[in-house]
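The next block holds one structure in the form of structure tokens; read it before the comments.
Computation of the quantities below employed the complete heavy-atom set of this structure, encompassing side-chain atoms and omitting hydrogens, waters and symmetry-equivalent molecules. All ligand and atom numbering here is 1-based and tracks the order in the structure.
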Amino acid sequence: MASKADGGVSGEEIWLDGEFIPWDEANVHILTHTLHYGLGVFEGIRCYRTHDDRSAVFRLSEHMRRLYDSAKINFMDIPFEQAVLEEAATESLRRNGLAEGYVRPIAFIGDGAMGLHPGNNAIRVAVISWPWGKYLGEEGMERGISAKISTFSRHFVNSKMTNGKTCGDYVNSILAKREALLDGFDEAIMLDSTGLVSEATGENVFVVRDGVISTPERYSVLDGITRATLIELAKTEGYEVVERAVTRDDLYIADEIFLTGTAAEVTPIRSLDHRAIGAGRRGPVAEKLQAKYFDLVSGKLPGYEGWLSYL
Ligand code: PPE
């Protein structure tokens, strides 16, 4: 069994199919269809301690909406109303005693029939929460991380339904991530099937050059909620933000590159394929937007109350 030292997570209770049950009893049958074939959908959501010592889940309804979108794309009918899963998310944090943490809703196909057509197997749903620190390390947030362009291409858009967050799609990400770590880098950036920059293994990519911020358009990338948040924050700060085709060498000559994601938050890249990016450390735009992002999620920025669901 994974221990804490291995990155293992633990807690008190897990919401499974409509009720909270003890953490260690949240098990599934070995014939669970999703385990064999990968068709399941999930989300990753963060809850933050706010500046006034409360706790708020960031953009809970947008994440849950994407879970239902992912399910629809994959012909899965989630047998609960969205409001029920939202309540399960906040209640899960409370029951696990988490003022800050990560919430993982997952809908999967249960056991019963085998074979690619899952027949009438039940669609099962779990909501789990656990403490999760800095995804790419505390130091990475301040000094920037190293990355490589993966030898693995992102799925062709008509293979991976990119608006869905589908379990099986993550095999592609895991291959890229493992390769990057074995090669001594912290993260991989993947190119799409035409050779344009797509996204990192679990993050969207932003590039800064001459004060203009660019990010690959919504095409082969997940329509990241942090991506959308950063675009809005950057525009509010007066930056020009362009969604466009980004090439590999656009990355090499960038003044700054940073990654965004619920888990990774806003993580700068200091080097790519052994080339220093900008000054080879976190750049001023990333630093500013990172600070704004943390102000936002901790409830310090006025006007964004609608994005915070207080526990
Ligand atoms: N692209 C991919 C492929 C991706 O998995 C994520 C989230 C994003 C972009 C950013 O999306 P958003 O979180 O809405 O800004 N990756 C999740 C999984 C991380 C994991 O290791 O598990 C996350 O950040 O929660």
**Prompt:** Do Ser92 and Ser129 have side-chain N/O donor and acceptor atoms under 3.5 Å apart?
**Reply:** yes
**Request:** Determine whether more than 12 heavy atoms belonging to other residues, nucleotides or ligands lie under 6.0 Å from atom CD of Glu12.
**Result:** no
**Asked** Above 12 or not: heavy atoms from other molecules or residues under 6.0 Å from CG of Asn120?
**Response** no
**Whether Arg66 side chain and Asp223 backbone form a donor-acceptor pair below 3.5 Å** = yes
Please tabulate protein-ligand N/O pairs under 3.5 Å for ligand 1, atom names and distances to 0.1 Å.
{"unit_1": "ligand 1", "atom_1": "1 (N)", "unit_2": "Glu199", "atom_2": "OE1", "d": "2.6"}
{"unit_1": "ligand 1", "atom_1": "5 (O)", "unit_2": "Lys165", "atom_2": "NZ", "d": "3.1"}
{"unit_1": "ligand 1", "atom_1": "5 (O)", "unit_2": "Tyr170", "atom_2": "OH", "d": "2.5"}
{"unit_1": "ligand 1", "atom_1": "13 (O)", "unit_2": "Thr262", "atom_2": "N", "d": "2.9"}
{"unit_1": "ligand 1", "atom_1": "13 (O)", "unit_2": "Thr262", "atom_2": "OG1", "d": "2.5"}
{"unit_1": "ligand 1", "atom_1": "14 (O)", "unit_2": "Arg66", "atom_2": "NH1", "d": "2.8"}
{"unit_1": "ligand 1", "atom_1": "14 (O)", "unit_2": "Arg66", "atom_2": "NH2", "d": "3.0"}
{"unit_1": "ligand 1", "atom_1": "14 (O)", "unit_2": "Ile225", "atom_2": "N", "d": "2.7"}
{"unit_1": "ligand 1", "atom_1": "15 (O)", "unit_2": "Ile225", "atom_2": "N", "d": "3.3"}
{"unit_1": "ligand 1", "atom_1": "15 (O)", "unit_2": "Thr226", "atom_2": "N", "d": "2.8"}
{"unit_1": "ligand 1", "atom_1": "15 (O)", "unit_2": "Thr226", "atom_2": "OG1", "d": "2.5"}
{"unit_1": "ligand 1", "atom_1": "16 (N)", "unit_2": "Lys165", "atom_2": "NZ", "d": "3.2"}
{"unit_1": "ligand 1", "atom_1": "16 (N)", "unit_2": "Gly202", "atom_2": "O", "d": "3.2"}
{"unit_1": "ligand 1", "atom_1": "21 (O)", "unit_2": "Tyr135", "atom_2": "OH", "d": "2.4"}
{"unit_1": "ligand 1", "atom_1": "22 (O)", "unit_2": "Arg104", "atom_2": "NH2", "d": "3.0"}
{"unit_1": "ligand 1", "atom_1": "24 (O)", "unit_2": "Thr262", "atom_2": "N", "d": "3.4"}
{"unit_1": "ligand 1", "atom_1": "24 (O)", "unit_2": "Ala263", "atom_2": "N", "d": "2.8"}
{"unit_1": "ligand 1", "atom_1": "25 (O)", "unit_2": "Tyr102", "atom_2": "OH", "d": "2.4"}

**Message:** Heavy-atom count check: over 12 atoms from other residues, nucleotides or ligands less than 6.0 Å from Arg248 CZ?
**Reply:** yes
**Asked** Quick check: does any side chain N or O of Asn204 sit under 3.5 Å from a backbone N or O of Glu199, one acting as donor and the other as acceptor?
**Response** no
